[in-house]
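Notes for the one structure printed next.
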2 protein chains.
Amino acid sequence: MDNRQKILECALALFAERGYDAIGVQEIVENAGVTKPTLYHYFGSKRGLLEALLDRYYEEFDHLLVAAASYRGDLPLTLRRIAEVYFRYALDHPTYYRLQLSLGFAPQQSEAFQVVSGKNERQFSLVENVFAAAVRDHGNMRGRQRVYAMTFIGVLNACIVLAFNGYVHLDDRLLERVVHQFEHGIYS
Amino acid sequence: MDNRQKILECALALFAERGYDAIGVQEIVENAGVTKPTLYHYFGSKRGLLEALLDRYYEEFDHLLVAAASYRGDLPLTLRRIAEVYFRYALDHPTYYRLQLSLGFAPQQSEAFQVVSGKNERQFSLVENVFAAAVRDHGNMRGRQRVYAMTFIGVLNACIVLAFNGYVHLDDRLLERVVHQFEHGIYS
DNA sequence: CATGTATTATACCGATCGGTATATTTTTGT
DNA sequence: ACAAAAATATACCGATCGGTATAATACATG
């Protein structure tokens, strides 16, 4: 693997484990077995490194989410597909997903949040558009797309956090259960 | 107001705005109009300052949550009361709640997360116990307390984040709607 | 082989990091 | 009033921060 990749991987692991602000550039290059000028040659700055890191992983996630979030009249199916994307990505790239989660809730004026906020907004609007489209077929949902989208993502992330802490498994059973719960509530 | 309080208030504002790791002790004392030895006299360390900060605000939140989370056979009522506590606290202490939110999703090995993790777990178990107790009256909920508790908190925090970004108001209407949604799903 | 470009290392920059030794002021208890 | 204790300031510590000037190396292309 080339040095650029090594730096990205080490930075991902360290940022996800201890946080962007707590990790120094020196520690990244030591772990990657290179020196600082190499890092600055490829990424220009610590912020540029974070941007490259997020771009690389988010692109794939976004593609999957776009494909899953195409509403064609079957909301339960669409929600299941979206949940699949989230669960699958958290399973396949747990370190990255941990980082994305922590950055998504980082303070708004922090450098790390500013780097990730655009991606969060895009993610949110993709899900929101599903509910906005579904309103046409479910009249009594009108005007609630934002809350639906945000709470749906919140429910999925709640499951993912539980899974990261070893309390549940992100399998099909949980997915069906939690999407059903979101659609029909907790009593059935 | 005494210097101890001034330091706590300035630290809260700065930590919530830009993050614990991104704020230096120097910036805190400058904002508070004191010097570093004063801060270290009262709090011993930067970490001690964060602990004192979280203790002070979480204690009140915990009291409210304990009172709200006493399940006595009426789950809809209990959930509404819990949601009221979250919404009220986010409204009354928005800066603190922003900080608590960001720390709750911070990387697990970060200093800030370690300081707050115990409070998060306690918060979670208070809500989990409600669902555990409700299982006796709602047989078909068995074995799902953890997911119910985590997703319920996730839904509430999703609303609070939406409110912080100006998309919704944390009023009684939203509270009723979102608790109803959690209980009965999105179609009714 | 020659030459330009991309890559990497050594050694350093000023600034800031969390924290403190020492001394002085302010407050408190008697 | 006076002594002890609490509170605060000045000035500093070594370490680390993000970043870079310079030079050497590797590499691709003619």
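Convention: sequence-line order gives letters A, B, ...; per-chain numbering from 1.
When the options His93(A), Arg98(A), Gln100(A) are evaluated for a side chain to side chain donor-acceptor pair (under 3.5 Å) with Tyr96(A), the one that passes is Gln100(A).
Considering only residues two or more places apart in sequence or on other chains, Gln145(B) meets the side chain to side chain donor-acceptor pair (under 3.5 Å) condition with none of them. Remark: Thr35(A) pairs with Pro37(A), Thr38(A) by the side chain to side chain contact (heavy atoms under 4.5 Å, CB included) rule, at least two apart or across chains. Every residue two or more places apart in sequence or in another chain was checked for a salt bridge (Lys or Arg N to Asp or Glu O under 4.0 Å) with Glu60(A), and none qualifies. Contacts of Ser102(B) classified as side chain to side chain donor-acceptor pair (under 3.5 Å), with partners at least two apart in sequence or in another chain: none. Take Arg56(B) and apply the side chain to side chain contact (heavy atoms under 4.5 Å, CB included) test, not counting sequence neighbours, and it matches Gln5(B), Leu8(B). Shown here are the salt bridge (Lys or Arg N to Asp or Glu O under 4.0 Å) partners of Arg122(A), two or more places apart in sequence or in another chain: Asp62(A).
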Inset, instruction - Go along nucleotides 21-26 of chain D 5' to 3' and tag each nucleotide: B for a protein heavy atom under 4.0 Å from its base, S when only backbone or sugar atoms are that close, - otherwise. - result: B-----
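Contacts between residues 5-36 of chain A and DNA chain C, counted as heavy-atom distances below 4.0 Å, involve Val34(A), Thr35(A). Of the residues in residues 46-56 of chain A, not one comes within less than 4.0 Å of DNA chain C through any heavy atom.
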Scan the side chains in residues 165-172 of chain B for donor-acceptor partners under 3.5 Å anywhere in the protein, sequence neighbours excluded, and list what turns up.
| residue | atom | partner | partner atom | Å |
| --- | --- | --- | --- | --- |
| Asn165(B) | OD1 | Gln108(A) | NE2 | 3.1 |
| Asp171(B) | OD1 | Arg173(B) | N | 3.4 |
| Asp171(B) | OD1 | Leu174(B) | N | 3.0 |

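Checking Asn157(B) against Tyr97(B) by side-chain atom types alone, a donor-acceptor pair falls below 3.5 Å. Judged by distance alone, the side chains of Tyr71(B) and Asp137(B) do bring a donor and an acceptor atom under 3.5 Å apart.
Linking ILVMFWY side-chain heavy atoms closer than 4.5 Å, directly or via other members, places Leu79(A) and Val66(A) in a single hydrophobic cluster.
For residues 179-188 of chain B, no pair satisfies salt bridge (charged side-chain N to carboxylate O under 4.0 Å, His left out), with sequence neighbours left out.
An OP1 or OP2 oxygen of dA6(D) is reached within less than 4.0 angstrom by no side-chain nitrogen or oxygen of Tyr42(B). Contact check, His41(B) against dA7(D): a side-chain N or O comes under 4.0 Å of OP1 or OP2.
Proximity of a side-chain donor or acceptor of Tyr89(A) to a complementary backbone N or O of Tyr57(A) within less than 3.5 Å is detected.
Chain A approaches DNA chain C within less than 4.0 angstrom (heavy atoms of the protein), and the contacting nucleotides run 5' to 3' from dT7(C) to dT10(C).
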